[in-house]
**Q** 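Sharing a structure below in structure tokens format, with a few things to ask.
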Amino acid sequence: MRTTSMDHAALIAELLSRTLAEAPFSLTRTPDSLVKALAVPKDPKMGDHAFPCFVLAKDLKKAPPAIAQELVVALTDSIEESPALTSVEAAGPYLNFRVDAASQAADLIPSILCGDFTARRPSTETRVMIEYSQPNTHKAFHVGHTRNVSLGDSLVRICEWAGHDVVAANYIGDEGAHIARCLWFYRNFFDGELPTENRGEFLGGLYSRATELLDFKTLTACPHLGVVTARVDSIVKHPSHDGWAVVEVHDGTSAHQVVCGGKGYAVGDIVGYATVGSHVGGRLVGHADKDGVASEGMIVSEKEISLSDDAEQIQVFAAATDLGLEIAELMRTDALAAGTSVLATMKERSDGVAEILKAIESGDPEITAQWMETRDWSLRDFDEIYRWLDARFDHVFYESEVGEEGKDIVLEFLDKGVLERSDGAVGARLEAHGLPFFLLLRSNGTGLYSTKDIALAKRKFEEFKIDRSVYVVDVRQSLHFQQVFKTLELMGYEKAKDCFHLAYGFVLLPEGEMSSRTGNVILFSQLQSSLVNKIRADFVDSQDWPDEEKAAAARAIAIATIKYGMLKQDNVKNIVFDLTEWTNQQGNTGPYLMYQYTRTRSIRRKLEEMKLLDGVDSVVRDWSLLSLDQEQAVQKIIADFPSIVQRAADEYQPKLLCNYLYDLAKTLSRMYKPSNVKDASTPELRFTRLDLFEAAGTVMRSGLELLGIHTIERM
RNA sequence: GCGCUCGUAGCUCAGUGGAUAGAGUACCGGACUUCGAAUCCGUGGGUCGCAGGUUCGAAUCCUGCCGAGCGCGCCA
């Protein structure tokens with residue numbers, strides 16, 4: 001029978017429950033509720049489990065310290081009869097219990113050494129799909145993406161350990177506008193030679209260059225269409241709204257009446273005027289009724305045309321400026337040759353991309369062939385990355401396979417009245433559920449990201465028969481997934497309530513946010529080589545090992561570095577990826593944990609070398625010899641392993657396991673000096689200590705495996 | 001404007017209802033004829049953003065405010 005600290009807590013709760021039921025207490029408290037109340041004493045010297053008596057004060061109408069005193073007396077007999085517990089003491093309002101360390105060790109350590117203790121729990125018969133990674137083809141895979149992979153892969157392992165039937169799924173973005181952009185650049189501007197490896201990363205480079213060319217902001221300080229120069233002809237106060245003015249402007253061809261809330265302009269000034277139909281600040285400009293006054297178009301502030309952060313100040317142009325000029329042209333940068341129109345250039349470029357997108361959608365044979373070929377380059381890169389990181393996928397979904405299905409589902413539920421039309425588009429009206437309108441079909445009938453998510457979810461429910469669905473996706477998409485899950489619920493999918501968006505924060509660099517435009521980005525291949533190089537220099541190169549072992553060790557430590565760094569922090573918080581700090585051999589890092597594990601391995605090696613292993617299989621262990629504080633501390637921690645992993649699985653939080661393993665490593669390293677194995681005075685003591693070290697090592701290795709980190713034997 | 005998230009030591013972070021709030025890092029000091037000093041030990045460092053509330057008890061739960069980040073129909 002395996003004994004864990006959870007069992008001790010249950011035992012104590014059981015005793016308490018029975019004692020409280022009798023006189024003089026006569027209180028009903030279920031063992032379950034008492035387990036929850038149990039705490040850990042502040043100082044291990046005080047005991048192993050604590051019961052705060054405050055919770056009984058009201059019902060017993062007594063002061064907590066008095067209750068503690070009475071309970072000690074009442075509990076003494078049953079504690080004496082119980083071999084697992086040695087004592088109970090009152091300490092103020094607390095009741096402190098001590099477990100019998102030797103009897104705990106007798107159960108715990110052999111159970112760890114035979115593998116039972118850290119093994120997977122019995123099946124829960126629950127099928128959980130964990131969807132993670134979701135890279136886009138034709139885009140670069142960078143450090144940020146490894147956070148997702150580390151998280152997803154670790155959750156797969158942890159949930160599997162907890163007994164769930166886990167389906168690890170990927171969902172690859174292999175269609176959409178980003179591919180058209182990439183191919184547009186490739187076909188029209190690229191004239192170099194194709195690289196022989198990392199072609200996916202190469203495509204990502206083309207994509208960013210395309211994005212740059214398509215970025216209106218690089219050509220003009222005013223990246224808006226339809227914002228033109230106009231002359232202010234008159235200004236009168238708005239009849240009912242203070243601070244607003246009714247303004248008459250003329251754009252050279254016609255006059256318009258517009259209500260304006262800004263300041264800093266006068267009659268005769270030339271201002272920026274957004275015409276009806278233009279987009280400013282993400283909103284469509286049109287006709288409006290401003291407190292009873294008709295307003296057509298809008299006069300733009302400095303902020304609205306990206307000149308400053310001032311949303312009040314109206315931009316005024318030189319008096320000599322012609323009327324009706326596009327401000328985008330007027331405020332052009334020198335990125336474009338003089339004489340070339342900004343607007344015409346932008347139109348030409350975006351038309352080029354649109355043409356490719358259309359060709360892809362209509363199945364043009366030449367473009368389709370190129371799409372498929374380049375798609376394959378990316379997929380091959382991804383495979384290599386996953387293989388290196390040792391991330392597992394049981395099923396891969398592709399966006400390209402759910403698009404059509406998504407549209408059909410949306411139309412079906414539009415017919416059923418679950419979805420509605422709005423401005424020609426189709427979506428879910430979720431206002432009654434506290435969420436904004438959820439667009440599912442464009443007014444031109446084409447689908448969106450959201451459309452595909454509906455079809456994808458349906459497949460997960462129906463084809464994979466899953467009980468729970470976890471989406472490992474960055475925190476910016478929180479609202480999106482709330483909308484997806486709510487829409488699925490309205491469509492009648494019962495499993496919608498078992499969908500969970502596991503949101504995580506960004507990966508930042510010491511220099512700030514990653515941006516491919518400013519070059520502040522670390523691509524995966526760069527990450528891999530700088531990591532491996534640094535680790536070789538810091539830990540491996542100086543060793544006298546075979547080349548093969550050196551290479552394996554460098555990779556293992558590199559993976560420990562990156563995965564542990566990505567997992568140790570709270571899911572939703574941003575992480576700063578700092579190579580120097582993460583490879584630090586001291587402190588809370590992957591290499592430190594790996595090192596502590598290898599130290600447990602070197603003990604047996606040393607004994608072997610000194611021929612001190614005779615009788616290791618036959619000498620009977622005496623667990624009461626593990627009496628040092630440092631030994632007790634390690635024993636106590638390793639007993640907690642199952643409950644920690646269980647919690648990590650329930651809460652989808654690998655960081656709980658990280659904190660636990662760091663605590664174990666720290667406690668373990670304090671044990672080396674005092675609990676010396678090779679100098680132990682008797683074989684009994686030597687092998688008893690050896691077992692404790694090996695048990696701690698086994699727990700460490702098992703925990704690291706659940707984080708996706710494989711240990712090595714020496715470093 | 002509305003919504004979500006975060007705010008703990010100089011810095012990076014644990015701790016999410018229990019006893020005197022902890023690590024790492026940086027600074028300073030100590031411990032090696034090592035089962036690996038790639039380590040360990042010690043000193044200093046705190047209005048837990050602010051203000052109320054709930055509770056025997058709040059860094060933790062609730063409300064308001066301040067600050068930062070992210071998101072908010074035809075992008076993914």
**Q** Between the protein and nucleotides 32-34 of chain B, are there any N/O to N/O pairs under 3.5 Å, and if so, what are the atom names and distances?
**A**
none

**Q** Listing time: all N or O pairs from protein to nucleotides 54-56 of chain B that are below 3.5 Å?
**A**
from: B/C56; atom 1: OP1; to: A/K58; atom 2: NZ; distance (Å): 2.9

**Q** Checking only heavy atoms, does the side chain of A/S669 share a donor-acceptor pair with the base of B/C40 at less than 3.5 Å?
**A**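 Between B/C40 and A/S669, which were checked side chain against base, a qualifying N/O pair under 3.5 Å is absent.
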**Q** Between A/M671 and A/L95, which residue's closest nucleotide on RNA chain B lies nearer the 5′ terminus?
**A**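 Per heavy-atom nearest nucleotide, the more 5' residue is A/L95.
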**Q** Looking at A/N96 and B/A19, is any side-chain donor or acceptor paired with a base atom of the opposite kind under 3.5 Å?
**A**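 Indeed, a donor on one side and an acceptor on the other fall under 3.5 Å apart.
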**Q** I'd like the C1' distance from B/A21 over to B/G57, given in whole Å.
**A**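 Roughly 15 Å separates the two C1' atoms.
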**Q** Establish, from distance only, whether the side-chain atoms of A/S33 and A/R29 form a donor-acceptor pair under 3.5 Å.
**A**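 No - no donor-acceptor pair under 3.5 Å links their side chains.
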**Q** Do the side chain of A/E631 and the main chain of A/L628 share a donor and acceptor less than 3.5 angstrom apart?
**A**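 A pair under 3.5 Å: yes.
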**Q** Is the distance between the ring centroids of A/F693 and A/Y672 less than 6.0 Å?
**A**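 Yes: the rings meet the under 6.0 Å criterion.
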**Q** Which residues pass the salt bridge (Lys or Arg N to Asp or Glu O under 4.0 Å) test with A/E361, not counting sequence neighbours?
**A**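 None.
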**Q** Using a cutoff of under 3.5 Å, can you pull out all pairs of nitrogen or oxygen atoms linking the protein to nucleotides 13-16 of chain B, with atom names and distances?
**A**
from: B/C13; atom 1: OP1; to: A/Q569; atom 2: OE1; distance (Å): 3.2
from: B/A14; atom 1: OP1; to: A/D570; atom 2: N; distance (Å): 2.8
from: B/A14; atom 1: OP2; to: A/K573; atom 2: NZ; distance (Å): 2.8
from: B/A14; atom 1: O3'; to: A/N659; atom 2: ND2; distance (Å): 3.4
from: B/A14; atom 1: O2'; to: A/N659; atom 2: ND2; distance (Å): 3.2
from: B/G15; atom 1: OP1; to: A/K655; atom 2: NZ; distance (Å): 3.3
from: B/G15; atom 1: OP2; to: A/K655; atom 2: NZ; distance (Å): 3.1

**Q** Return the set of residues passing salt bridge (Lys or Arg N to Asp or Glu O under 4.0 Å) with A/R98 (not counting sequence neighbours), or none when no residue passes.
**A**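 Listed in chain order: A/E89.
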**Q** Give me the stems containing RNA chain B, sorted by first residue, counting only three or more consecutive Watson-Crick or G-U pairs with both distances under 3.5 Å; say none if there aren't any.
**A**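 As far as RNA chain B goes, consecutive pairing (with distances under 3.5 Å) yields the stems B:1-7 with B:66-72, B:10-13 with B:22-25, B:28-31 with B:39-42, B:49-53 with B:61-65.
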